[in-house]
Amino acid sequence: DGGITQSPKYLFRKEGQNVTLSCEQNLNHDAMYWYRQDPGQGLRLIYYSQIVNDFQKGDIAEGYSVSREKKESFPLTVTSAQKNPTAFYLCASSMESLGSNYGYTFGSGTRLTVV
Amino acid sequence: GQQVMQIPQYQHVQEGEDFTTYCNSSTTLSNIQWYKQRPGGHPVFLIQLVKSGEVKKQKRLTFQFGEAKKNSSLHITATQTTDVGTYFCAVTTRGKLIFGQGTELSVKP
């Protein structure tokens, strides 16, 4: 079955450490996205990539970095510069690069806790 | 940047009652999408509306896009406990999807 795989589901890190969240899709989608969700809140866009080797900052990119070396993969690194990293991170992909007429497909998310 | 306001933030209903959530924008929208996120889960795409005044139905769910394409609503008829979750509207702008704050629906059996 095609889909998006995020790993791990739960992640614990000490303050000051960088951590990389994995996102892999086998849907052959061009565009991929990273969102952050805090309890009781909506989704806020961190970074997005419309094509391999290219990506753009979203609304809350500070303290995060990404790469898009392969179409299938879009890892997110949460750096020590991110002031409030504890959150639920969601990766998504879409068929069309300029928004989607088919909706976004989301992974099951990674819950990151920084202590 | 593009923003959509979604109301209410929370809605508690008795099973069998109806439920409606609304999304409003100050600017004209090219389209609007709706997603459902179950507790502890991830958002799942429900539908996209594109045309002015469009109405689409999925079983007990009715989606509407305003005539001016500045607002949209999701109405659930006769809620069931399986409808529990948070419903988000989302709009595309410059190649990215911006989400409303969501409406959390709880259903009392």
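Reckoned from all heavy atoms, side chains included, excluding hydrogens, waters and symmetry mates. The sequence lines fix the lettering, A, B, ..., with proteins before strands; numbering per chain opens at 1.
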State whether the side chain of A/D30 and the backbone N or O of A/I51 hold a donor-acceptor pair below 3.5 Å, judged by distance alone.
-> no
Side chain from CB out, backbone as N, CA, C, O: work out which of these in A/Q37 comes under 4.5 Å of a heavy atom of chain B, or both, or neither.
-> side chain
B/Q9 versus chain A, heavy atoms under 4.5 Å apart: side chain, backbone, both or neither?
-> side chain
Which atom of B/K51 lies closest to which atom of B/F65, heavy atoms considered = O-CD2, 3.4 Å
Chain B heavy atoms under 4.5 Å from A/R111: which part of the residue, side chain, backbone, both or neither?
-> side chain
May I ask whether A/V19 and A/Y35 are part of the same hydrophobic cluster, defined by side-chain heavy atoms of I, L, V, M, F, W, Y residues being less than 4.5 angstrom apart, directly or through others?
-> no
No-hydrogen, no-angle side-chain donor-acceptor test under 3.5 Å, A/S94 and A/Y33 = yes
Heavy-atom distance under 4.5 Å to chain B: side chain of A/L90, backbone, both or neither?
-> side chain
Could you please state which residues from residues 100-107 of chain B sit under 4.5 angstrom from chain A, measuring non-hydrogen atom to non-hydrogen atom, sorted by number, or 'none'?
-> B/G100, B/Q101
Hey, can you tell me if B/F19 and B/Y87 have their rings parallel, tilted or perpendicular (30° and 60° cut-offs)?
-> tilted
Is it the backbone or the side chain of A/Y48 that comes under 4.5 Å from a heavy atom of chain B, or both, or neither?
-> side chain
Which one of B/Y35, B/F88, B/W34 satisfies the ring-ring contact (aromatic ring centres under 6.0 Å, His included) criterion with B/F45?
-> B/Y35
Backbone of A/G63 reached by a side-chain donor or acceptor of A/T79 within 3.5 Å | yes
A/Q25 side-chain N/O to A/I4 backbone N/O, donor-acceptor pair under 3.5 Å = no
